[in-house]
Amino acid sequence: MHLEQQLTTAIQQAFQQALGLAVELSAIALQPTAKEFEGAYTFVTFSWSGRCQQRPEAVANQLGEWLKENSTLVVDFNVVKGFLNLVIGDRVWLTQLSAIGADANFGVAAPNGKKVVIEFSSPNTNKPLHLGHLRNNFLGHAMAGIMKATGHEVHKVNLVNDRGIHICKSMVAYQQYGQGETPETEALKGDHFVGKYYVKFDQVYKEQVAALTKALGDPVRAAKEAPSLLEAQQMLRKWEEGDKAVRALWEMMNGWVYQGFAATYQQLGITFDKTYYESETYLLGKKVVEEGLSLGVFRQEQDGSVWADLTEEGLDRKLVLRADGTSVYMTQDLGVADLRYADYHFDQLLYVVGNEQDYHFAVLFKLMQKLGRSYAPAMHHLSYGMVDLPTGKMKSREGTVVDADQLMEEMVRTAAQHTQALGKIDSFSQEEAAALYSMLAMGALKYFLLRVEAKKRILFDPEASIDFQGHTGPSIQYTHARIAAILRKAKEQGIAYQEGGVADSLPLQPAEREVIMQLYAFPKKLQESAEGYSPAILAQYVFNLAKGYNKLYAALPILHEKDAALQLLRVQLSAAVARVIKKSMQLLGIAVPNKM
RNA sequence: GGUUCCGUAGCUCAACUGGAUAGAGCAGCUGCCUUCUAAGCAGCAGGUUUCAGGUUCGAGCCCUGACGGAAUCACCA
């Protein structure tokens, strides 16, 4: 049984025996003891003072006495005001370390039979990925790992936004200005090649609007009637009609983009179990709209448009079908939700989408509920803040974006410079070195984006490059490499260690105890991370673990320890830390090296 | 204007869901590599947690109201 459970049960008994009070187990909460006091767990007695008719200190003292006397876990206690600090015996911690070592899958929960679908990435096929997309991808991928490790059956799905007016804009621009160019002739990655025309369209469009505004004296009309826009709209209609030439152009350009995306995903280390395309799903919602009409959930206006009225729920009126019968975003999402459920019968459906769509999802979930979908409560929006620049929001059309491919390239270069300057990997082949640079670059980037709580916006200053020192991915990766070196040497020196079988009668140094406690907290942190849909919790955890280990590393000899039993213990402890660091980072989507 | 989210050290972020003297990293300053990887460790300095009230034994966290920032409220996606 878990230590904390054992302790709360013991405290329950202590209340009964020492104070004659029957207390519910769920009412007893423990917290970690603050660093400046002795002890591992703290029970706060202020709120019990009334029920016990005694001062908090008195309650704490009596509970403490009883626990020290009767609990095998508690070897000592101290009371500060209403805080009862419980000291757990070293034997207990060593036993736990032994158990951690013996469990090859420590922290990973057994399958719980719950099915989770995580939708993330969902790129548009008219432009390359930028830093904001990276946050989405990393969050989705990390959540998938975390949910899997907490026992869920996880399905990662991508819904590619491959149709619509924005795609047609790139197509129009290419048709007019492309002159037979291809990614090959221009030596450009496919997504960047297509993105170039999306930007080109916007330039042309703006010039036309400006000219037209002068001619008409009406900026609103000009914005709607600019020839390039009309062409794009015309192209969208042709696309929907299935016009052969338009479809061929569309397929060719999307094909280029997919090639580019494949390379980017490859470098990101991100994969999907299934990819959906909007071009195949955008019509699905129309049936749901009809169903909603017959149920009275939606209402049709004179002009034929269909609306949902959510004013009673504190939301607004929302369009679900245009007057001309074509779909809007919401129409599509209604249909796709049903499709997801039909495909997976999920217990949870997680949408990783930016907070600019908070309202959209609030409406979507409410509508699914009103439509009587049993799975409506299982839908959740993992909303995250934008990645902003000092100059404001990133805008693809205006070219004010931090391009993902370019950023990764720069970071790989920086990683290479750092590594070469330190000169610790001279024995590496070119390929090995390149793999390491990439691993470190991605570690820095991913950790940078994952360590911040999802809902907060991130400010990224392109002038100040992402660090490789301090509270960063590479510093955690470094800790792993350090331990790996120790373990290699231990083997060379013939120190035969098994991770289980830790001697339980050794005295522990504070640094060792601290690290064991941190290791022990891993499953709990993982659980919190999953329940809170928060990779940041795991990211913070693994940094603290690495920091705790580095402290130990600086304070105590490991292989140089003369006492064989202590030496063995420290090697075993090191091995366990390496394993948990590796696992945590892996769940976050970050690889760790054995040498750097 | 309505709704939602955010506001913590010069900067970037934590704070175990209401607990003890609010902690890390970066930047600045001081030390530590002829013992295991210095991408590390030890230390100094840095705070009226935006402000004003309230609830509570106890508030960065909960409530009310200001102030500042962001998103959204489209027959856009």
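Chain A is the first sequence line, chain B the second, and so forth, proteins listed ahead of strands; every chain is numbered from 1. Remember, it's a predicted structure, so these values are computed and weren't measured experimentally.
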Notebook entry, point to check: Which residues, if any, of residues 435-442 of chain A bring a heavy atom under 4.0 Å of RNA chain B?
Noted result: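 Residues of residues 435-442 of chain A under 4.0 Å from RNA chain B: Leu440(A).
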Next item on the list: Assign the ring pair Tyr282(A) / Trp239(A) to parallel, tilted or perpendicular, where the plane angle (0 to 90°) is split at 30° and 60°.
Entry: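 Correct class here is tilted.
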Next item on the list: Describe, in one word, how the ring planes of Tyr533(A) and His380(A) are oriented to each other, choosing from parallel (under 30°), tilted (30 to 60°) and perpendicular (over 60°).
Entry: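 Judged by the thresholds at 30° and 60°, the geometry between Tyr533(A) and His380(A) is parallel.
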So, is [X] near the phosphate of [N], with a side-chain N or O under 4.0 Å from OP1 or OP2?
X	N	result
Lys456(A)	C13(B)	no
Lys35(A)	A24(B)	yes
Arg163(A)	A77(B)	no
Lys547(A)	C41(B)	yes
Lys318(A)	A74(B)	no
Lys595(A)	U37(B)	no
Lys489(A)	U37(B)	yes

Flag the pair [X] and [Y] as a salt bridge only when some basic side-chain nitrogen lies within less than 4.0 angstrom of an acidic carboxylate oxygen.
X	Y	value
Glu512(A)	Arg570(A)	yes
Glu4(A)	Lys524(A)	yes
Arg163(A)	Glu240(A)	yes

Rounded to the Å, how far apart are [X] [atom1] and [N] [atom2]?
X	N	atom1	atom2	answer
His133(A)	A77(B)	NE2	C1'	12 Å
Ile167(A)	C76(B)	CD1	P	16 Å
Asp461(A)	G10(B)	CG	C1'	14 Å
Leu3(A)	C16(B)	CG	C1'	16 Å
Glu57(A)	G58(B)	CD	C1'	14 Å
Lys551(A)	G23(B)	NZ	P	12 Å
Gln469(A)	G25(B)	CD	P	12 Å

Margin query: Here's one to test your reading of the geometry: is the NZ or CZ of Arg482(A) within 45 degrees of the ring axis of Tyr553(A) and under 6.0 Å from its centre?
Written below: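 Positive - Arg482(A) is close enough to the ring of Tyr553(A) and near enough to its axis.
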Check: Any cation-pi pair here, Arg317(A) with Trp307(A), using under 6.0 Å and within 45°?
Finding: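 Positive - Arg317(A) is close enough to the ring of Trp307(A) and near enough to its axis.
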Nucleotide nearest [X] when distance is taken to its side chain, options [options]:
X	options	result
Thr33(A)	A20(B), G19(B), A39(B)	A20(B)
Asn550(A)	A39(B), G40(B), G19(B)	G40(B)
Tyr359(A)	U72(B), A39(B), A20(B)	U72(B)
Lys393(A)	A71(B), U37(B), C73(B)	A71(B)
Lys424(A)	U37(B), C41(B), U72(B)	U37(B)
His166(A)	A77(B), A71(B), U37(B)	A77(B)
Leu559(A)	A39(B), C36(B), C73(B)	C36(B)
Phe37(A)	U72(B), A38(B), A20(B)	A20(B)
Val80(A)	G40(B), A20(B), C13(B)	A20(B)
His360(A)	A14(B), A39(B), A77(B)	A77(B)

Where do [X] and [Y] come nearest, in terms of heavy atoms and distance?
X	Y	value
Ser584(A)	Leu538(A)	O-CD2, 3.8 Å
Lys393(A)	Asp388(A)	CA-OD1, 3.8 Å
Ala539(A)	Leu588(A)	CA-CD1, 3.8 Å
Asn254(A)	Asp162(A)	ND2-O, 3.4 Å

Give [X] one of three labels, base, sugar-phosphate or nothing, depending on what nucleic acid heavy atoms sit under 4.0 Å from its own.
X	answer
Met386(A)	nothing
Val452(A)	sugar-phosphate
Asn594(A)	base

No-H, no-angle donor-acceptor pair, [X] side chain to [N] base, under 3.5 Å:
X	N	value
Asn85(A)	A20(B)	yes
Thr472(A)	A39(B)	no
Thr479(A)	A39(B)	no

Next item on the list: Test Phe543(A) against His471(A) for ring-ring contact (aromatic ring centres under 6.0 Å, His included), laying out the working first.
Entry: CA-CA 7 Å; Phe543(A) 173 71; His471(A) 190 175; 4.0 Å; yes
Note to self: Should Phe83(A) be counted as stacked on G19(B), where stacking needs a ring-centre gap under 5.5 Å and an angle between planes under 30 degrees?
What the structure shows: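 Aromatic stack with G19(B) absent for Phe83(A).
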Note to self: Check for me: is Phe46(A) stacked on G19(B) by the 5.5 Å centroid and 30° plane-angle rule?
What the structure shows: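 Yes, the aromatic ring of Phe46(A) stacks with the base.
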Next item on the list: On RNA chain B, check which nucleotide each of Pro32(A) and Leu556(A) is closest to and give me the residue with the more 5' one.
Entry: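 Its nucleotide being nearer the 5' end, the pick is Pro32(A).
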Checklist line | Residue met sooner reading RNA chain B from 5', once Ile486(A) and Arg451(A) are mapped to nucleotides | finding: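 Whichever sits nearer the 5' end wins; that is Arg451(A).
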Check: What integer number of Å spans the C1' atoms of A9(B) and C16(B)?
Finding: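 Taking atom C1' in both A9(B) and C16(B), they lie 22 Å apart.
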Item checked: Whole-Å P distance, C62(B) and G28(B) ->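 About 36 Å, rounded to a whole number of Å.
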Item checked: Stem list, RNA chain B (Watson-Crick or G-U pairing under 3.5 Å, at least 3 consecutive pairs) ->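 Expected stems, ordered by start: B:1-7 with B:67-73, B:10-13 with B:23-26, B:28-32 with B:40-44, B:50-54 with B:62-66.
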Check: Are Pro219(A) and Val209(A) close enough that some pair of their side-chain heavy atoms sits under 4.5 Å apart?
Finding: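 Heavy-atom side-chain distance check fails, nothing below 4.5 Å.
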